[in-house]
Enquirer: 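There's a structure below that I have some questions on.
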Amino acid sequence: MTTTHDTPAHRTCPECHGDNLYAHGGVNARGGYGPDLLPGASGVFASAKMRSVVCRDCGLVRFYAGNEALARITPENGWRKTR
């Protein structure tokens, strides 16, 4: 992914295999009333950005972190590799 405004990473939904996908970029990872979805990835004055992709056939929603947020996904910020 190069920016949060790219087209969906997949052409079909991994859940229902439909092709009715819609994307929206610039979604804040840290909401005022919700959880921080990318802890440690936000800057001091700005929330990390994500791109959301929703399937209008089954409702599956997926989030993709932007490049700046990905650069902050490190063990020093509390992230650990799963494998």
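Note: hydrogens, waters and symmetry copies are ignored here, and every other heavy atom, side chains too, is used. Fair warning: this is a prediction, and the values are worked out from it, not measured in the lab.
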Enquirer: So which heavy atom on D57 is nearest to which on G18, and how close?
Expert: OD2-CA, 3.5 Å
Enquirer: Let me confirm one number: the CG-SG distance from N20 to C58, rounded to the nearest 0.5 Å.
Expert: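 Nearest 0.5 Å value for the CG-SG distance: 10.0 Å.
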Enquirer: Tell me the closest heavy-atom pair linking M50 and L38, and the distance in Å.
Expert: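 Minimum heavy-atom separation between M50 and L38: CG-CD1, 3.8 Å.
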Enquirer: So do the side chains of S52 and Y22 get within less than 4.5 Å of each other, counting heavy atoms only?
Expert: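 Contact flag for S52/Y22 side chains = no.
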Enquirer: Looking only at heavy atoms, what is the nearest atom pair of R72 and N77, with distance?
Expert: O-ND2, 2.7 Å
Enquirer: Which atom names give the shortest non-hydrogen contact between A41 and A69, and what distance separates them?
Expert: CB-O, 3.8 Å
Enquirer: For H24 and V27, work out which heavy atoms get closest and say how close.
Expert: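 Scanning both residues, the minimum pair turns out to be O-CG2, 3.8 Å.
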Enquirer: Side chains of K49 and N28, heavy atoms from C-beta outward: is any pair under 4.5 Å?
Expert: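 In contact.
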Enquirer: Let me confirm one number: the SG-CZ distance from C13 to R56, rounded to the nearest 0.5 Å.
Expert: 13.5 Å
Enquirer: Considering non-hydrogen atoms only, spot the tightest contact between W79 and L37 and give its length.
Expert: CH2-O, 4.5 Å
Enquirer: Would you indicate whether the side-chain heavy atoms of L60 and C16 approach each other to under 4.5 Å?
Expert: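 No, side chains not in contact.
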Enquirer: When you compare the side chain of L70 with that of Y64, does any pair of heavy atoms fall below 4.5 Å?
Expert: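 Not in contact.
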Enquirer: Strictly distance-based, threshold 3.5 Å: is any side-chain N or O of S42 a donor or acceptor partner for the main-chain N or O of A48?
Expert: yes
